[in-house]
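Have a look at the structure below before the remarks.
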Amino acid sequence: PLPMAVLAISLLPMLARVAGGARAHLPRHALTMSRVHMSTPAVGTPADTASVPRTVVKGLLDADQDMVGSEVHVKGWVRTIRTLKMRSFIEVNDGSSLKGMQVVADTETNAEFEEVIARIGTGAAVRAQGELILSQGKGQKYEIKASQLEVIGECDETYPLQKKRHSLEFLRTIAHLRPRTNLIGAVSRVRSTLAQATHAFFAQEGFNYVQTPLITASDCEGAGEMFRVSTLPDKVSAMPKGEDGDSVDFAEDFFGKPAFLTVSGQLAAETYACALGSVYTFGPTFRAENSQTQRHLAEFHMIEPEIAFAELTDVMDNAERYVKYVVREARERCAADFEFFGNFVDKELPARLDVLVNEPFERVPYGKAIELLQAEIAKDKSKWEFPDVEFGTDMASEHERWLTEKHFKKPVFVFNYPREIKSFYMRDNEDGKTVAAMDLLVPGVGELIGGSQREERLEELTAKMKESGLSEEDYWWYLDLRRYGTVPHGGYGLGFERLVCYVTGTSNIRDAIAFPRFPGGCEF
C-alpha cells in the first residue's frame, strides 16, 4: 500500500489578520503555506530523503535570499521540459502558485538522470531535491540544482494539456484536468482565498456561521424552479397515485410530502438571526432554470447573511464592507494571479478593482435609476435590446451594466424596488408601491447581490403570501418568528460564482466553479 502523508500547512498570516493584527513577519521557515512535512518518504525513494521536508513551490518563489544554498525538496507536475546538451530544464508546478520552479538536472555530473529524464514528459508527476540557487536565466529568481530526481507518476503522449493554447470550451470537456492550466488554476486559488476571507470577515463582524438544510419543502423565491427530491420508484406504473388518479401521492415518499433542493438558505437563516443576532450561511443552492447563458448555473453557492435589529441601510453597509474586504484580501494574497488576470484576461480589471476597494459605492433609488435609463435610451433606442423601460420594469442585464459601467462607473446599490417584481418576504415601504429591497450592481457582471429588509409584521406578511399563492401551512414556522418576539431584520444573498467572475475577469460562470451543472450538463 502507498504510505500515508501528513500535511502540516502554516496559515499564520491569515490567522493574524482574523485577529486584527498586521501582516506577520515570519521567519524563512514559516512562509505562508510553504512547509509541508511528510511523515514517510515518497514511494520508491530511500528513507534518508525524508530528512529534507517538502516545500511548496510558492514558498520558494517568495523566499528571502538567505534561503539560497539550502537543500530543498519539491513535488509537482511537469509543465515543460527542455534539454540543451547535457542539461535538462524542468518546470515543476505543484498548484500553490501561478509560476513553477525550474529544476536543472545535469546529466554530465549525474549519469543516472538520463534514464529518469527519458521518462519525463509534460504532465508527469515528479520529485526533485537539491540546492536552491540564484537563476542565471530570465523569468525566475531561483532554481533548484537537482541532486535527486524521481518520476512519481508517468504521463504519456495522450495527455491533452500539451504546451499550447486551449480554448475554454475545450477545457470544459476535460474539467478533471483543467485546474492544471494557468487560468483555471489561478481562478481556483482566488476562489479559495475569497471563501477563506468570507469566513474571516463575518467572524470579525461577530456573525455566527449556520449550516442550513439543502433539502426543503419551502420555495424561498416563490418561483417554482426547484429540483425535486424523491425516492419513489423509477417506473411510472409503480408510483403511488393520488385520489384523482393523475397526480403522484407524495405522502408515500421518503419525507411524506413533496421535497426539493433548496434555492436559498435565507428563510432558515432568519430563524437563527432572530435568536443569535447576526448569522450567515455559505453553501450550495440549486435552481432548475432552463438557461444556457454565461451567467447562470443549476448548482451554485450562496453567501447569505441575516442581521437582527437591522434596516435596509444596515444591510447595504454590511454588504459594502464585505465586498471590499474579500476583494482586498484576495488581491493581497494572490498578487501573481491578479497580475496574470490583468495581463491576459481583462486589462481593465485592475482599475475596476481599485475603484471598488477605494471609493464608496453609489446608492440610487430604483425610480431615479429608471429615469436615468429612460433619458439615455431616448437618445437612440436602436442600441438597446430592451428599450421599453418604465416604473415596474425588471431591469435587464444591459440596463444594470449601463448604470454601473457607463453612468456611475463604479458599483451601485439600487434600492426601493416596486413590490410587484420582488419576493413576498420583503418589507413594504410606507408608499405602498415599493419594498425595502436593494441590488448591488457591479461593472462587468451586473447584479452581484440582492437583499432586503424582511417583512417582520405578521398581518402584512400573511397578506403577501396569499398574493403569491403560498400556503401559510407550509410556512407556519416562518410565521412564528413574527408571532413570538418579532424584530426588524434584513439580509442579502451573494452568488459566490458571480463574485469569482467579477474579481477574476472571467466572462463565463462555468469557468468559476470546479464542475459546472447546467441544462444538459452533469458530467464528472
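- Phe341 pairs with exactly one of Thr506, Val503, Val187 by the side-chain contact (heavy atoms from CB on, under 4.5 Å) rule, that one being Val187.
- By the 4.0 Å N-to-carboxylate-O rule, Lys99 lies too far from Asp337 to be salt-bridged with it.
- In this structure, the salt bridge (Lys or Arg N to Asp or Glu O under 4.0 Å) partners of Asp317, at least two apart in sequence or on a different chain, are Arg363.
- The shortest non-hydrogen separation linking Val92 to Lys75 is CG1-C, 4.2 Å.
- With respect to Lys58 and Asp94, no salt bridge is recorded, no charged nitrogen being found less than 4.0 Å from a carboxylate O.
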- Task: Would you check, one step at a time, whether the test ring-ring contact (aromatic ring centres under 6.0 Å, His included) holds for Phe202 with Tyr322?
- Result: CA-CA 8 Å; Phe202 287 112; Tyr322 166 76; 5.4 Å; yes

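- For the pair Glu455 and Arg482, the salt-bridge criterion is not met [side-chain N within less than 4.0 Å of a carboxylate O].
- Applying the salt bridge (Lys or Arg N to Asp or Glu O under 4.0 Å) rule to Glu91 yields no partners; only residues at least two apart in sequence or on another chain are considered.
- Partners of Arg510 by salt bridge (Lys or Arg N to Asp or Glu O under 4.0 Å), not counting sequence neighbours: none found.
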- Steps toward salt bridge (charged side-chain N to carboxylate O under 4.0 Å, His left out) verdict (Lys422, Asp439): CA-CA 11 Å; Lys422 289 297 183 180; Asp439 287 338; 3.3 Å; yes

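- A salt bridge links Arg191 with Glu497: the closest approach of a Lys/Arg side-chain nitrogen to an acidic carboxylate oxygen falls below 4.0 angstrom.
- Side-chain atoms of His489 and Glu270 include a donor-acceptor pair closer than 3.5 Å.
- The shortest side-chain heavy-atom distance between Asn182 and Leu98 falls under the 4.5 Å cut-off.
- Relative ring orientation between Tyr366 and Phe391 is described as perpendicular, the plane-to-plane angle rising above 60° on a 0-90° scale split at 30° and 60°.
- One finds no salt bridge joining Arg331 and Glu339 here, because no Lys/Arg side-chain nitrogen approaches an Asp/Glu carboxylate oxygen to under 4.0 Å.
- Residues Leu60 and Val74 are in side-chain contact: their nearest non-hydrogen atoms beyond the backbone lie under 4.5 Å apart.
- The two residues Thr404 and Leu441 make their nearest non-hydrogen contact at OG1-O, 3.5 Å.
- In summary, Asp346 and Arg352 engage in a salt bridge, as defined by a charged side-chain N under 4.0 Å from a carboxylate O.
- Taking a cutoff of 4.0 Å between a charged side-chain nitrogen and a carboxylate oxygen, Arg321 and Glu205 qualify as a salt bridge.
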